[in-house]
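Below is one structure; the comments refer to it alone.
Keep in mind that the numbers below use all heavy atoms, side chains included, and drop hydrogens, waters and symmetry copies. So that the names make sense, note that chain A is the first sequence line, chain B the second, and so on, each numbered from 1.
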Amino acid sequence: MANKVVELEELGTLVADGDRVALGGGWFANHPMAAVRQLVRDQRRDLEAITIVGSVDIDLLLAADSLRHVTFSMVTLEAFGLAPHFRQKIEAGEVSFTEMTGLGLLIGLEAQGRGVPFLPYRGPFGSDLPGHYPDQYAEVDCPFTGERLTATRAIQPDVAIVHALRADPEGNAQWDGTSAADVEMAKAAERVIITCEEVVDRDTIVANAHMTKVPGYYVDAVIEAPFGAHPCTHVPAYGLDAWRIKDYVAATAEGFDGYLDAIRGETEADYRKRVVGEDRMPVLRGLVDQARVLTPTDG
Amino acid sequence: MANKVVELEELGTLVADGDRVALGGGWFANHPMAAVRQLVRDQRRDLEAITIVGSVDIDLLLAADSLRHVTFSMVTLEAFGLAPHFRQKIEAGEVSFTEMTGLGLLIGLEAQGRGVPFLPYRGPFGSDLPGHYPDQYAEVDCPFTGERLTATRAIQPDVAIVHALRADPEGNAQWDGTSAADVEMAKAAERVIITCEEVVDRDTIVANAHMTKVPGYYVDAVIEAPFGAHPCTHVPAYGLDAWRIKDYVAATAEGFDGYLDAIRGETEADYRKRVVGEDRMPVLRGLVDQARVLTPTDG
Amino acid sequence: MSDYEVHELMVCRVAREVDESGVVVMGSFTPLAYAAYMLAKLTHAPDAYLAGFDAVGMAPVQLSFTGVEAAAYKGAACRWGMLTEINSIHLSNNGGVEAVSSAQFDGDAAINLSTIGPFEEPKVRLPGGAGAAEVIKMYRKMVAYFGSHNPRTLVEKVPFVTGTRWKIGDESREAAGLLPGPVVVVTNLAVLIRDEDERPFRIESLHPGVTAETVVEQTGFELEVPDDIPETTAPTDDELRLLREQIDPHGTVAFDFMPGKERMAYLDRILDAEWSAAERAIGR
Amino acid sequence: MSDYEVHELMVCRVAREVDESGVVVMGSFTPLAYAAYMLAKLTHAPDAYLAGFDAVGMAPVQLSFTGVEAAAYKGAACRWGMLTEINSIHLSNNGGVEAVSSAQFDGDAAINLSTIGPFEEPKVRLPGGAGAAEVIKMYRKMVAYFGSHNPRTLVEKVPFVTGTRWKIGDESREAAGLLPGPVVVVTNLAVLIRDEDERPFRIESLHPGVTAETVVEQTGFELEVPDDIPETTAPTDDELRLLREQIDPHGTVAFDFMPGKERMAYLDRILDAEWSAAERAIGR
């Protein structure tokens, strides 16, 4: 059976300077942070990042001067504020951007994945965004009803990096919780890199076949990266490391060089030891255990 | 919690003469045969059936004079021959039909379900079928690249009937094996009827959430119908009752009135007793157990 | 009647818009909106169909910054991804109620989440709208909520339209293939509503102690001021108990209402409580 | 070399077209095509990615009329439905090899599965093409197989085009956005191949004892007849053993080659064997 497993350190051979990179995850969930850190270590330059709802993944790449362009529908640290480097770099004119409507961006990725140059939908009528990007949004009339629809153009990333719960060596990748637009990114991209909490054997995949969202034939490389979404979540493996998100924001306020230097001077295993912490790991997993469902009888 | 469970005998209040009815399943898998038999008992008339790859479901409705029109991409009894009444009724000009290409039909259902009047795709270029149905197929040019694509028009059934492995009273419905176009039919239809092998409580659904393919908000009625796809398969509950498919073909050759009279004169529970048979049920389930995966070491 | 805080009043008022028709989708963890949906599902709308993150058919959950996503999946009937959600809910007219907040909002129910200053050279680059541009247009009801009702937020015309309701009146909405329904604005001062193309927002109710004059003064767009404006219905004891004890015991909703200086210390207290709960869960 | 039957030769020849690039999709249970895919996966193409019914990333399975669908799911890595399959395989140029049979086939690789006689008033209403119209065009390789090579099946021009290869030569396929690859016809007499727009099908190999003259006589469309035509490579002992003992012990492939009179009795024997296996499985 094909074996696509490589080490995180080999990421640099799979992502080139200048590539258009789709980064998975959404909100605070499941961004491929171990891969992002590796891109920072590799000092990748001039990347275009594509994100639906980005977070510290995008912000860290901006801080590290790895991006020339960001395509997004939202980038936010939610309760922890606006994404600081996202603001700084765009406001200073140092990075160009394409702000898309969420559905336009998602359906653009979908279009590429299903082999059509565009898809129509009942679009964001009245929004000022489409007018800024005539190469991405157009109008199209239904040939049957005459209804005017929004057309969104197919978007093809050079590479998609998404973080899964587990994958087998062939690349069959599974999610249990949030998968966001990971599947659409993988289907749209020229090359697909799966990072995952755990590489498992095929039998484990078969036993949970309903959780396989990206089948192996799409996948070029499988990378085991435990806590690979940290400090973001990967449900059900761990909850949000809000404390380290706060540290991130605080480090930004103090100038960010120390934060970057630390990441560049260590391996991902070092990062896990230093930032996640052996003693903290079980508690971060416990954040999932303590999460509560309510029933009307609780009331 | 909403309780949408009704008896099979109430199907007649949910499907009216003249309705456009999408019937789930594909190949020999998973057609909603219990519901089909009930439509025969209810002597429904002038229905339009929509099927992707139909089988004895379509053929039986034709035999019972319940259809005025069939929209299909294939109707076949596979190893057991051409569908006999499908041939007879169309060759005699007694039933009209729309033969669509498989992807055109499926994407037409998809379009309706996702709220667009059409969808483009790289179509069945060179096929004679689209030219026969200008209301269903058209050409559309990509507004970005100019590429000429096939547009398939949204198809809206009045009602979809699909057979699931299990559903809860709210209508959350699960499949383990073949779901064919059941999901697209449910999403496209004005009303949705789920028949299922077993009605279960919500906890069972939650414990298998990855198998939920039609969520409850789509669903109007849930009907428990064990062996509800018989003589077709419902994997992993039971395999193909090839012996009863042969009986069906033989009954056709002898004139089909006896076959129809028997169904009309009994309840579905009677049918299970008479045709499936208490003693045969475990063997039909055993057809699933005996199915074998091969490994290269077998060689 | 118990004492309550204004964010509790707002949660309860937003909850009242939630009914059992259509799906309610929660994206980012926005505590006030989440609390309102949970409250509705635990009280008057037990059959409300909720989707949060990629959990579809959610049970109501307790709010927390670190575990709310995990909770969403625990009681959910179905797993999807973003694409299936947008096609099966937003774009297919299955959206029920959407509660959004934005940097700016105007009298045509347009929102700005993109920029302060020129779009290409922003003074403040805002986070962007995610799916809001399409969602607020498609959903049956739009609820906009603002913790601070002032004329810099509620403006006459947003300088940049990230998204808009598109059509307001039921008839023009239906003519455009959209579900008919109102736009309801819930703020720390009042409730505003608009449901006709040719009439502006009107004050539906005033929170206790707030005058119509204050609301007009603090609103950048035209308002219709009825002669007789009721007071916003107070939360019931049952609602307050559910909110405080079950839905939001750590107080995530109040966080958005904290003044700048107190925010970080307040957040630390919430996070301490969540950490302790996790430690207990793993038996430390 | 063992003795073998022509259907076994055909299975082995079709299997040789299966490689490890792209996905192979099996729709209806067509025993010869299924056997070929399984044989390939068990021999030279272990990484061939198979999808059958809604089971994606299948393990190879044993053939049976009553349980092949169940077997498909048992070792599969993934579950999809038809829509995801067509968008993720067929239409996105991930299709590897498609083996089809049809009522009629012509020199332009067009198939008829719709009608004998006028379309609206057919003499014989055929089953329809399912996804074939789109699939044979999109896939990298098209394999057409026919158990009875005769000029009524292999016709000059099909009277009704259910679907077609659309473009044949690699260059014209790539210009149309299609994967380049040949059309291979495997019959009970010979193997034909076409891979250029301007040249007709040519005889690639002849089965033992068959002459080029017979093939030309039995083919309704123009054929190029090379001077020196090799004999179709015989199945190996290993292939025959896998086919007979593992892949198709009940003999489902041979069923399609049975003369009319023997068909039903033969089918009964297969079904008896399958029933017995099921009884054993449940311990009767």
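Annotation: maximal heavy-atom pairing with chain B below 4.5 Å, among A/Asp176, A/Val140, A/Asp135, occurs at A/Asp176.
Only the backbone of B/Thr152 has a heavy atom closer than 4.5 Å to any heavy atom of chain A. Heavy atoms closer than 4.5 Å to chain A are found nowhere in B/Asn208, neither backbone nor side chain.
The two residues A/Pro120 and B/Val116 come nearest to each other via the heavy atoms O-CG1, 3.4 Å. Contact detail for A/Trp175 and B/His210: the closest heavy-atom pair is O-CE1, 3.5 Å.
Of the inter-residue distances, the one linking B/Arg114 atom CZ with A/Arg122 atom CZ reads 12.0 Å to the nearest 0.5 angstrom. Note that the OH atom of A/Tyr121 and the CG atom of B/Leu119 stand 13.5 Å from one another [nearest 0.5 Å]. The distance from atom CG of A/Leu149 to atom CZ of B/Phe118, rounded to the nearest 0.5 Å, is 6.0 Å.
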